Every structure is written in structure tokens, then in C-alpha cells.
Amino acid sequence: MKKEEVLTLLRSSRSGHVSGSALAAVMGVSRTAVWKHVKTLEREGYAIEAVPSKGYRLTASPDIIVAGDVKQGLGTKIIGKEILHYAEVASTNTLAMDLAQKGADDGTVVIAETQTGGKGRLGRSWTSPAGNLYISMVLRPAVPISQAPLITLMGAVAVASCLRRCCGVPAGIKWPNDILLSGKKVSGLLTEMSAEPDRIRHIVLGIGVNVNMDSRALHPGVRKMSTSLAAATGRRVDRTALLRTLLAELDLWYHRFLHNDESVLAVWKELNVTLGHRVTVDGGRVTLEGFARGVDAEGRLILKLDDGTLRQVAAGDVTIMKEKH
Ligand code: BTN
């Protein structure tokens, strides 16, 4: 989109100013067209000053993600080669599944500022106020179906690593894929798959990160168990920088996953806050209680029940009960 090009050019200017004729020449449009794009951007909340002899300068931006800014110099191999940004969608996961069905490439990323029907795990909803990150990516891994659950663990490692790197917070992973800060949820992942009996067609990995939201937007029941990066760090977080780090981490960990690198499970284990604890696992119909002993090669939780038997659990909600043994 041309108006995004104007923004990218203004943001990348060393002096801050770019003349209307320079913008027009780079974009291959008239100076009047440039001026119209500037006016559109101003209506969207950007502050752009126009100095007669110097040109245009961006002085303030609304807190909106601009795909061009995210992509600039990103350098990822697969994740985010195509980035689609929307002001509002029902669910980025649903949209990414539709796009995948229509042939979207491996690594295509869908981002939305808000979601009206955000989906959580186990059929729950994911409240999606402005100020956070809601992203989904199309993945086409050439691996056996049995490996698919590892995608979620890989995603959790990427998110936790990103939050540690970007915000210096001690993010931990609660099996299978809740990202916690001091016991409160800051991010969740939802994986959806389309497959034939013996082949993955595509997977969509969706990630919601609570960044700068006003927590009053959350249901009171959810609010007390949740946190955001702004609440944890005491400052607003630059969502574009966070997103760029997230895409870079996802690219790195997806590459490792595709190459069967043992570091995916090893780092998941290092960052997890579940193993070694007594837990309950609520699977909807059945709740199991036992000692969280490990995860198997397919990402299932290995639970040692009180009668000594081992159970592998593929899905459920974990509550950590006691201190580590
Ligand atoms: C969970 O912890 O229950 C998973 C939450 C996943 C939320 C993200 S937000 C982006 C993507 N789109 C959705 O509808 N859900 C995921």
C-alpha cells in the first residue's frame, strides 16, 4: 500500500525530513498523490509536519503495527516473508487457516490489532483488546503428523525466549503452552491443523501476547490470573520491536524443529515451570492428579499417578499444586 510506503520512507530517513518530490520519485507517483497519502495518514492519527524547504517529517505515530516497519531488515528465512496486517478480524487463526486452505506460503503471518472472536485452547475464547499482539502463522512442515504437537512446544520456546530477550522478564512455560510471569499468564498459543490420514496439509500457530492492554478489558475471573508485559515491567512496550524479535525467534526455532534439533525439547524443559511438581490436569471430562515427570518425544506430559502408573496426557489444563520435589 502506498501510504505504508510513505510511512516506511519517513521512518527510515536519517535527517527526519523527506521532500515531497523525493517521496514522489521513489514511489513513482505525483507530489499531489504523496500529499493525499500524508493527509490520510494524519486522519489515522499520525502527526506529520511539513516544512517548506525540507519536506515532510513524522513526529508521532498511533500505536499501530505497520507491516512495512516489521519487515524492514527482518532477515528471517521463512517466518514473516509475507505479513498481512488488519485493524480487526474475528480470529487471526481462522483467517490464517482460510489463507492456508487457499495456498498461502509457509511462514505467512497474519496480525490484527483486535479480534472480535479470538479463540483460546479447549474451545475457550480469547479476549482481544487493543494494545496486545495477536498473530497467526501458516506453517507447512514436511514432518510426520506425530510431530505436530511439538510445533506448539517450539512456539512456546520462541515466545518465552522473545520475552526474555526483549523485555528482560523471566518468562516460564506451563505445559503445554502457557507463558507465565510470576505465575500469571502473559501469553497463550493455539495450534490448529489440517491433515490427511498420513500427511500434514498445513498448521496454523496462533499466539496472543498481553503487551500494553488495559487489563480492565478482561473478564474479572481471567484478570486475576493474567498479566501483561507493561504491568510486569512498569513501562509501555514497543510492539513493533517485540513483534520483530518474536518473528526472529520463531524463524530460528522453526528451523531447529524442522531439522529435528533436540534443543527444542531441551530448552522447553529448561524454561518449563511444570515438571517436578505435583499437578492436576483437567482434561474436560477427567481430572488427573500426579507428579509431572517429563514430556515425551511428541510433547505429551508424562504424569506419575499415586498408584505408581505412568500416564501420557496429550491435552488439558495444568494446575501446579505443591513445591518442587
Ligand atoms: C490459550 O492460551 O488458550 C491460547 C490463546 C491463543 C490466542 C491467540 S491470539 C492470536 C490467535 N488467534 C486466535 O483466535 N487465537 C490465537
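All ligand and atom numbering here is 1-based and tracks the order in the structure. Source: prediction; values computed, not measured.
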Worksheet item: ring pair (Phe, Tyr, Trp, His ring centres under 6.0 Å) with H259: which residues, sequence neighbours excluded?
Response: H255

Worksheet item: Which protein residues have a heavy atom under 4.0 Å from ligand 1?
Response: S91, T92, N93, Q115, G118, K119, G120, R121, W126, Y134, I135, S136, D178, K185, G188, L189, L190, G206, I207, G208

Worksheet item: How close do V109 and M137 get, heavy atom to heavy atom, and via which atoms?
Response: CG2-CB, 4.0 Å

Identify every side-chain donor-acceptor pair in residues 199-210 under 3.5 Å, counting partners at least two apart or on other chains, and give the distances.
| residue | atom | partner | partner atom | Å |
| --- | --- | --- | --- | --- |
| R199 | NE | E196 | OE1 | 3.3 |
| R199 | NH2 | E196 | OE2 | 2.9 |
| R201 | NE | E196 | OE2 | 3.4 |
| R201 | NH1 | S194 | OG | 2.8 |
| N210 | ND2 | T227 | O | 3.0 |

Discussion item. Filter on ring pair (Phe, Tyr, Trp, His ring centres under 6.0 Å), then keep only pairs touching residues 52-111, sequence neighbours left out; what's left?
Written reply: none

Worksheet entry | Between S136 and N93: side-chain donor-acceptor atoms closer than 3.5 Å | yes

Worksheet item: So, does D282 use its side chain to make a donor-acceptor pair with the main chain of D317 at under 3.5 Å?
Response: no

